[in-house]
Structure formats: structure tokens, C-alpha cells
Amino acid sequence: MNTICTCKNTKCPLHPDNHDKGCTPCISKNLKLGEIPNGFFDFVTDDQDRIEDYSLKGFAKLVTEKYS
């Protein structure tokens, strides 16, 4: 079991629990797509329905809503 990743989506093939490459595949995918890894959203909301998209802008919106 991975002890660093905070992502709760363990069914994702890129989740570190599902291979031996750590966080690199997930972070690489997200950087290519201009997105934030799912685990970061878990710090901002427990409600997955509030996540409109995984973009930097979508993440910033949730952070702003939570801390404003």
C-alpha cells in the first residue's frame, strides 16, 4: 500500500497502489493535460460532485470557495 498518495481513487490504473512507479505516471498525465492530480482535490472537498473538472482553474475555484 502506498503511504504518500492521498488520492482515494484506487481503481485508477495510474494510482501508485497499482504499479511500482510511484506518482510519476499520474503526475506526468496530469501535467500533459494541464490538470491537478485527484488527490489534491481531496484536501479541498469530499464531495466529488463539486469537481467540475480537474483543471488548474477548477482547482483554484474550489480552493477560493473553501477559503474565502
Side-chain angles (χ1 to χ4, degrees):
M1 169 139 210
N2 180 312
T3 59
I4 296 173
C5 184
T6 60
C7 179
K8 296 173 187 163
N9 183 11
T10 56
K11 292 182 181 179
C12 174
L14 300 179
H15 193 283
D17 284 351
N18 298 321
H19 54 77
D20 63 355
K21 296 178 179 139
C23 295
T24 301
C26 175
I27 292 171
S28 294
K29 179 208 79 142
N30 284 287
L31 287 173
K32 286 179 189 173
L33 297 175
E35 295 180 341
I36 298 283
N38 187 306
F40 285 68
F41 284 84
D42 294 337
F43 286 113
V44 183
T45 183
D46 290 329
D47 183 1
Q48 293 295 310
D49 292 336
R50 292 195 62 222
I51 301 172
E52 295 174 16
D53 61 63
Y54 290 93
S55 68
L56 296 168
K57 185 176 180 179
F59 183 72
K61 179 181 174 188
L62 287 174
V63 170
T64 301
E65 289 172 1
K66 181 172 181 166
Y67 296 104
S68 291

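Values in this document were obtained by computation on a predicted structure and should not be read as measured data. Residue numbers count from 1 along this sequence.
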Could you go through residues 24-34 and list every donor-acceptor pair under 3.5 Å that involves a side-chain atom there, pairing it with any protein atom two or more places apart or in another chain?
{"from": "Ser28", "atom 1": "OG", "to": "Thr24", "atom 2": "O", "distance (Å)": "2.9"}
{"from": "Asn30", "atom 1": "ND2", "to": "Cys26", "atom 2": "O", "distance (Å)": "2.7"}

N/O donor to acceptor pairs below 3.5 angstrom from side-chain atoms of residues 57-68, sequence neighbours left out:
{"from": "Lys61", "atom 1": "NZ", "to": "Glu52", "atom 2": "OE2", "distance (Å)": "2.7"}
{"from": "Thr64", "atom 1": "OG1", "to": "Ala60", "atom 2": "O", "distance (Å)": "2.8"}
{"from": "Glu65", "atom 1": "OE1", "to": "Arg50", "atom 2": "NH2", "distance (Å)": "2.3"}
{"from": "Lys66", "atom 1": "NZ", "to": "Phe43", "atom 2": "O", "distance (Å)": "3.2"}
{"from": "Ser68", "atom 1": "OG", "to": "Thr64", "atom 2": "O", "distance (Å)": "2.5"}

>> If you compare all heavy atoms of His15 against all heavy atoms of Cys5, which two are closest, and at what distance to 0.1 Å?
In response: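 Nearest pair, atom of His15 first, then Cys5: NE2-SG, 3.8 Å.
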> What are the two closest non-hydrogen atoms of Asn18 and Pro13, and how far apart are they?
Replying inline: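 Scanning both residues completely, I find the closest heavy atoms to be CB-O, 3.9 Å.
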>> Take a 6.0 Å sphere around OH of Tyr54 and say whether it holds more than 12 heavy atoms from other residues, nucleotides or ligands.
In response: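 Enclosed.
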>> With salt bridge (Lys or Arg N to Asp or Glu O under 4.0 Å) as the rule and sequence neighbours excluded, what pairs involving residues 38-47 come up?
In response: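 Checked against salt bridge (Lys or Arg N to Asp or Glu O under 4.0 Å) - neighbours excluded - the pairs reaching residues 38-47 are Lys8-Asp46.
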